[in-house]
2 protein chains.
Amino acid sequence: MSVTLKDVAHAARVSISTASRALTGTGLTSERTQQRLTRIARELGYRPNPIARGLKTGQSRLVALLVHNLTNASFQVMAEVVQARLKALGYQMLLCIGGDDPKQESDTLTTLVDHRIDGLIVVPTGKNGPQLKALAKDVPIVCLVRRDDATDLETVLADDPQGAYLGTRHLIELGHRRIGLIVGRQDTTSGRERLSGYVRALREADIAKDDTLIHAGHFEPETGATGARKLLDLSRPPSAIFVANHEATLGVLRVTSERNIAIPDDLSLLCYEDMPWFEWHRPAISIVDNGARDLANLAVDRLLQRMDAKGNGNDGVREYRVGARLIKRDSCRQIDPASKPKPSIPKSKSSAAKSSAVKPAKV
Amino acid sequence: MSVTLKDVAHAARVSISTASRALTGTGLTSERTQQRLTRIARELGYRPNPIARGLKTGQSRLVALLVHNLTNASFQVMAEVVQARLKALGYQMLLCIGGDDPKQESDTLTTLVDHRIDGLIVVPTGKNGPQLKALAKDVPIVCLVRRDDATDLETVLADDPQGAYLGTRHLIELGHRRIGLIVGRQDTTSGRERLSGYVRALREADIAKDDTLIHAGHFEPETGATGARKLLDLSRPPSAIFVANHEATLGVLRVTSERNIAIPDDLSLLCYEDMPWFEWHRPAISIVDNGARDLANLAVDRLLQRMDAKGNGNDGVREYRVGARLIKRDSCRQIDPASKPKPSIPKSKSSAAKSSAVKPAKV
DNA sequence: TAGCTTTTTGCAATCGTTTGCAGTCTATCG
DNA sequence: CGATAGACTGCAAACGATTGCAAAAAGCTA
């Protein structure tokens, strides 16, 4: 069907092996034949067959990315970043969707290694530790966003404690003392870590932690709605809500809208992770950016390094944290505890907010 | 490294060929050996190597989906649907992102056929017709959402003429006579077809087409903003806007919000294609659903059929249309034909409208 | 039991590459 | 001028499966 190495060799009147060496540039061929063959190959439109090559070399030039879904904005940009990076290096990305379901994850993992993928970036459910660990012997693996505690795989994480801390502190600096928190499930790393960052910021400001102000729930809009209702129904409702679970944002907005609560006048709102429409929403929604782009890039970096290292990548560092940063928009306002003044939009001096940096963390 | 067919055959004391036949179920083996071999294979944890198999059979069990991006909600659900369907059939999906850029599309296409994909579903840019046509000789291809006029490839399209017609008629039935249209680029199928559906509905209702009410632009929020401004600045502004280009929705909403225009009281708004947050938005946004899910499913159906047919799929039908449907929510209101449409200086009296009084009145 | 058909099995080639080994050629040096 | 090192090249065996063909085994009839 298509042009094979044999054809090229034949056209150039050399043996297949010479052709192979010349084209792969193994250096064992004379400059002249090498050039001649590259030319002929080009003329004939020869494109090496990765399958045949893979059979011999055991590589596939395929790298898989396994995420939970594609509706999550973070996963979208991660997928785009990973795909772009890999393509530039001649790899193809295999995007798989695991739905945060251990069974599906497990199935997908086995198919992937069957296909002899050269590398894997995975957002683990956390329930397939042993399998992942076993696979890691055959294939370089990097975990993304979530850690699988049952493994010691290299992991690239958002700095959720810091992000939540940053966000909470921002609200405190604006004068808020009663800050509601809507956060994800507490059996996930991110859920726990965001809560802890929130708590730390409060403690640092000598604000007593009030459990009635904290609502932990699932990663769904519904959680935001019930959470918001609960918080707003309190006898002393919060003056700001930090939605540390971006799937919940929609729910919160619906409730504030239903109740005709003006943002940021009546309530300040700060969210976690960006969404394309946050900027376009009125008021534009301030966020803590978890750095999805950086996360993906770092994950690719790590993976590539492992793929090159060929096994001896045990250089100690097992966990990387990508710094979060605050993006101030218009949904949080300064509070003056003394009077009830006109709302003032905080000016965005975003240069100060760029605290993002990539730093390795110790195990 | 892993268990090969040879190992299985050896363990069962049969030849490799027998093992192969027994496991692939070619039917040329006795029931008994077949069972015995499947058992042994299972015990040994044998998993066939798709690369080796592919080399011989010329198949890869890989099917590619090439879309423009992942931020578009339709592409997201399509990707999820395709992945799910294919996985169930033992295929892996290769998701590629072409950015609606002919050069990238072209590059990706060649890498894909290099990888000997078994099939391809592509949202074509429309600029690589010849290449697609050539590839179609080697690989079953189905076009999705957009047609590439330079080819005669099987194509699964949304019924945009009907969808636009449906939406426009809905607005007309609500009593609107001046209906603004914000639509995509007129050099794309969807852009043209949606315009034509709009025009047909108008004609059918004996409403003269007014070109000042039509704004065609790029697939970006900015287009929505400029379009909305243009329409609302008219001396006789429309009483309803049909945003037939869902990337533009954000821009339109920003403008209505900036100008304190209440939806649906002051202006009815109808959009094309669903977004997760449309339902949660206040007011919930009515849409014409293009049936992304159905589109993807049909595309997969067609592709599979072609892949089975092995070349003789010339059964005449070259184009499939998936019906659109109207989803009524709260952003369109009935107009009293007696009273004149109220133009300029709209008061914000909608209880459900964006409540924040403070807007940085930029622009 | 012989002779025939039908099933089941094994041998070996093949897919398109890569690569160890051995052979050929060129050039250099004594 | 002949020997020899060094640079190129080609042969052939892999990689792990599938598959046509022929041989062996089994089943059947008479």
Side-chain angles (χ1 to χ4, degrees), chain A residues 1-38 40-41 44-62 90 111 113-118 138 310, chain B residues 1-38 40-41 44-62 90 110-111 113-118 138-139 310:
Chain A
M1 178 167 70
S2 57
V3 188
T4 88
L5 192 53
K6 189 154 96 182
D7 302 330
V8 178
H10 192 254
R13 306 182 174 288
V14 294
S15 72
I16 301 189
S17 24
T18 307
S20 169
R21 277 187 278 253
L23 294 178
T24 52
T26 330
L28 295 158
T29 49
S30 72
E31 188 73 10
R32 217 165 51 82
T33 45
Q34 186 154 342
Q35 301 213 339
R36 196 163 60 95
L37 275 161
T38 2
I40 297 188
L44 261 54
Y46 167 71
R47 322 221 69 231
N49 181 333
I51 299 199
R53 177 178 286 174
L55 180 57
K56 187 72 217 209
T57 63
Q59 312 211 314
S60 59
R61 308 248 74 182
L62 252 34
T111 352
V113 285
D114 278 359
H115 273 283
R116 301 299 188 274
I117 50 167
D118 291 348
D138 294 344
K310 275 279 165 205
Chain B
M1 180 166 71
S2 58
V3 189
T4 87
L5 191 54
K6 188 154 95 183
D7 302 331
V8 178
H10 192 255
R13 303 182 176 291
V14 293
S15 74
I16 301 188
S17 26
T18 308
S20 169
R21 278 186 277 253
L23 294 178
T24 52
T26 330
L28 294 159
T29 50
S30 71
E31 188 74 10
R32 217 164 50 82
T33 44
Q34 186 154 342
Q35 300 214 338
R36 197 163 60 95
L37 274 160
T38 6
I40 297 188
L44 262 52
Y46 167 72
R47 323 222 68 230
N49 180 335
I51 299 199
R53 176 178 288 173
L55 180 57
K56 184 74 220 217
T57 61
Q59 312 211 314
S60 58
R61 307 247 76 180
L62 253 32
T110 54
T111 353
V113 284
D114 278 358
H115 275 283
R116 301 298 187 275
I117 50 167
D118 291 348
D138 295 344
V139 180
K310 275 279 167 206

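Every chain is numbered from 1 and lettered A, B, ... according to where its sequence line falls, protein lines coming before strand lines.
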With sugar-phosphate taken as primed atoms, P, OP1 and OP2 and all else as base, the protein-contact string of nucleotides 22-28 of chain C at under 4.0 Å (heavy atoms; B, S, -) is -------
Flag side-chain contact, heavy atom, 4.5 Å: A:Arg47 against B:Val113: no
Side-chain contact test, heavy atoms from C-beta onward, threshold under 4.5 Å: evaluate it for B:Leu5 versus B:Leu23 and give yes or no. yes
Measuring from B:Lys6:NZ to B:Ile16:CD1, what's the distance to the nearest 0.5 Å? 6.0 Å
Please report how far the helix from C:dT1-D:dA30 to C:dG30-D:dC1 bends, comparing the axis fitted to its first five pairs with the axis fitted to its last five, to the nearest 10 degrees. 50°
When rounded to the nearest 0.5 angstrom, what distance separates NE2 in B:His10 from CZ in B:Arg13? 7.0 Å
Strictly under 3.5 Å: I want the nitrogen or oxygen pairs between protein and nucleotides 17-20 of chain C, one per line.
unit_1 : atom_1 : unit_2  : atom_2 : d
C:dT17 : OP1    : A:Tyr46 : OH     : 3.1
C:dT17 : OP1    : A:Asn49 : N      : 3.2
C:dT17 : OP2    : A:Leu5  : N      : 2.6
C:dT17 : O5'    : A:Tyr46 : OH     : 3.2
C:dT18 : OP1    : A:Arg53 : NE     : 2.8
C:dT18 : OP1    : A:Arg53 : NH2    : 3.2
C:dT18 : OP2    : A:Ser20 : OG     : 2.6
C:dT18 : O2     : A:Lys56 : NZ     : 3.3
C:dG20 : O6     : A:Arg21 : NH1    : 3.3

Find the distance B:His10:NE2 to C:dG10:C1' and express it as a whole number of Å. 15 Å
Whether B:Arg116 side chain and B:Asp114 backbone form a donor-acceptor pair below 3.5 Å: yes
Please tabulate, for the side chains in residues 49-56 of chain B, all donor-acceptor contacts under 3.5 angstrom to protein atoms that are two or more places apart in sequence or on a different chain.
unit_1  : atom_1 : unit_2  : atom_2 : d
B:Asn49 : OD1    : B:Ile51 : N      : 2.7
B:Asn49 : OD1    : B:Ala52 : N      : 3.3

Side chain of B:Thr38, backbone of B:Gln34: donor and acceptor closer than 3.5 Å? yes
Rounding to 0.5 Å, atoms CD1 (A:Ile117) and CD (A:Gln59) come to a distance of 12.0 Å
B:Leu55 side chain: which of D:dC11, D:dG16, C:dT9 is closest? D:dG16
Specify the separation, in whole Å, of atom NE2 of B:His115 and atom P of C:dG16. 17 Å
Sequence neighbours excluded, which residues qualify as side chain to side chain contact (heavy atoms under 4.5 Å, CB included) partners of A:Arg36? A:Ala12, A:Val14, A:Thr33, A:Arg39, A:Ile40
A:Thr18: side chain to side chain donor-acceptor pair (under 3.5 Å) partners, not counting sequence neighbours: A:Ser15
